[in-house]
Number of protein chains: 2
Amino acid sequence: MASEGVGRPSSEPGRVESSSVEPGRVEPGSVRPGGRTARVRESVLRAAGDALAEHGFDRLDLADVARRAEVGKTTVYRRWSTPTGLIADLLDDMAEQSSPRTATGSLTEDLRANARLVATTLSDPRQGALFRSVIAAATCDPRTAEALHRFYAIRIKEWSGCVTEAVERGELPAGTDADEVIRAVSAPLYYRLLASGDPLDEAAADRAAGAAEAAARAGAYVN
Amino acid sequence: MASEGVGRPSSEPGRVESSSVEPGRVEPGSVRPGGRTARVRESVLRAAGDALAEHGFDRLDLADVARRAEVGKTTVYRRWSTPTGLIADLLDDMAEQSSPRTATGSLTEDLRANARLVATTLSDPRQGALFRSVIAAATCDPRTAEALHRFYAIRIKEWSGCVTEAVERGELPAGTDADEVIRAVSAPLYYRLLASGDPLDEAAADRAAGAAEAAARAGAYVN
DNA sequence: GTTCTAACGGGACCGTGGTTCCGTTAAGGT
DNA sequence: ACCTTAACGGAACCACGGTCCCGTTAGAAC
């Protein structure tokens with residue numbers, strides 16, 4: 001997300017398909033997705049992330065994004081039309097950057113590693129602000145909400161392996177819902193970020209991981 | 001929050017004290033907080049809640065709020081200036097309407113009652129949308145975030161009694177952080193509402209309560 | 001290399017969200 | 001009951017976010 005050059009192949013063409021699919025209507029960027037178009041998307045999404053991290057969702061100005069991306073504001077409006085539309089695309093892009101989980105072979109260690117990763121991400125000034133902003137955007141628009149849900153579904157699937165492995169080792173009861181355990185690790189941290197405002201320090205992370213593990217061992221996540 | 005008439009005494013005068021306290025500057029509504037001023041605040045806050053529930057945070061239009069409240073839009077701008085300012089005041093108002101918790105004498109029952117209350121509130125079309133909106137607003141403005149934190153601090157204090165009682169009965173380990181247990185019940189439900197998008201049904205509520213209780217019994221919330 | 005046209009970009013344009021002005025209404029103190 | 005002035009409300013006003021128009025650039029196909 002930080003420092004790559006120009007022209008990543010960009011597996012997905014950056015769709016923003018119109019909601020009620022108009023017949024015959026073709027979205028800009030879908031016919032010639034290579035070269036310039038990809039470059040524009042690249043820099044606009046990065047600029048959008050920067051702007052969101054700096055100003056927050058309600059101050060997101062597409063003209064400002066265009067300026068940062070060194071792109072005409074007409075282009076931004078044409079391809080994404082609204083702030084929430086742009087953020088939905090940003091989320092799809094973020095979903096593609098999935099970093100692999102750690103696999104220590106110990107459930108306790110893995111869950112703690114996950115919790116600490118989430119906590120450091122959310123307490124990082126830029127990343128934390130960015131996550132707050134995209135979540136705010138998702139509350140305002142169904143399409144953006146879907147993109148956010150996809151993002152988390154991927155993140156959770158990425159980590160649920162450590163739980164299924166623990167079940168196989170007999171550390172956790174059979175039938176334990178692996179995804180739910182991973183969500184349980186994140187949930188208290190997001191609650192702090194968005195609702196209670198309590199600090200997102202290492203102690204909070206370890207407590208979240210410990211609580212999820214204890215509940216899992218007690219069979220609270222068996223289907 | 002639904003159907004009362006005009007003229008509740010309004011304990012707090014509806015402050016929106018300016019951020020960098022200008023010397024000598026007096027906020028409108030602070031000198032003559034009674035009668036008309038209170039009536040205006042009353043109907044504006046209700047209208048704001050309605051608008052937020054219907055349209056979401058990003059479509060909140062103060063002129064529209066004024067129209068709904070049958071109040072001049074100048075008045076709304078003068079007293080609250082920004083959407084986030086208005087929402088901060090709305091949150092302070094919501095914090096005052098604290099409904100007492102149930103006290104069944106059983107930790108399991110109390111936690112489940114709490115979880116179900118939260119789940120039904122958040123899955124209610126109006127309330128759920130309203131909560132999403134105020135949380136979105138809180139991510140955009142520090143002042144609104146503070147109001148949100150106060151709101152949750154009160155809600156949590158309201159319920160933490162059932163945990164401290166359980167500790168006294170010896171059901172939970174001494175030193176258990178009561179507030180943290182209550183937060184642990186809510187957290188997975190808010191995670192569903194805001195991040196993962198999973199359903200907020202009774203099963204989710206019971207699972208949240210069960211997991212928090214299991215973790216608490218295992219001593220995961222001991223300081 | 002040439003052609004065709006998707007996609008970009010500058011600048012003029014326009015509607016509306018927010019401010020200002022000033023007259024009116026009604027708290028709150030005596 | 002009277003007076004002072006805080007607070008409200010209508011209407012004109014203004015600025016800027018978003019759209020439109022049209023000429024330019026550069027993918028993709030041959």
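The sequence lines fix the lettering, A, B, ..., with proteins before strands; numbering per chain opens at 1. Quick caveat: nothing in here was measured; it's all calculated off a predicted structure.
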When the distance from [atom1] of [X] to [atom2] of [N] is rounded to whole Å, what number comes out?
X	N	atom1	atom2	answer
A:W80	C:dA7	CH2	P	12 Å
A:K73	C:dA12	NZ	P	12 Å
B:R67	C:dG18	CZ	C1'	13 Å
A:R39	D:dA26	CZ	P	8 Å
A:R41	C:dA7	CZ	P	14 Å
B:Y77	C:dC21	OH	C1'	17 Å
B:R36	C:dT25	CZ	P	10 Å
A:E70	C:dG10	CD	C1'	16 Å

Using heavy atoms to find the nearest nucleotide of DNA chain D for A:A63 and B:V40 separately, return the residue whose nucleotide is more 5′.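 The residue whose closest nucleotide sits nearer the 5' end is B:V40.
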Could you check whether the side chain of A:R78 and the base of C:dG9 have a donor-acceptor pair of N or O atoms closer than 3.5 Å, going by distance alone?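 Donor-acceptor pair under 3.5 Å: yes.
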Do B:S81 side-chain and C:dG18 base share a donor-acceptor contact under 3.5 Å?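 Under the 3.5 Å cut-off, the side chain and the base do not form any donor-acceptor pair.
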Under 4.0 Å between a Lys/Arg side-chain N and an Asp/Glu carboxylate O for [X] and [Y]?
X	Y	value
A:D206	A:R116	yes
A:R183	A:E180	yes
A:E202	A:R112	no
A:D50	A:R46	no

Options C:dC8, D:dA7, C:dG18, nucleotide nearest the side-chain atoms of B:T37: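 Of all the options, the side chain of B:T37 is nearest to D:dA7.
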For D:dG9 and B:T75 - does any side-chain N or O of the residue sit under 4.0 Å from the phosphate oxygens OP1/OP2?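 Looking at the OP1 and OP2 atoms of D:dG9, one of them is under 4.0 Å from a side-chain N or O of B:T75.
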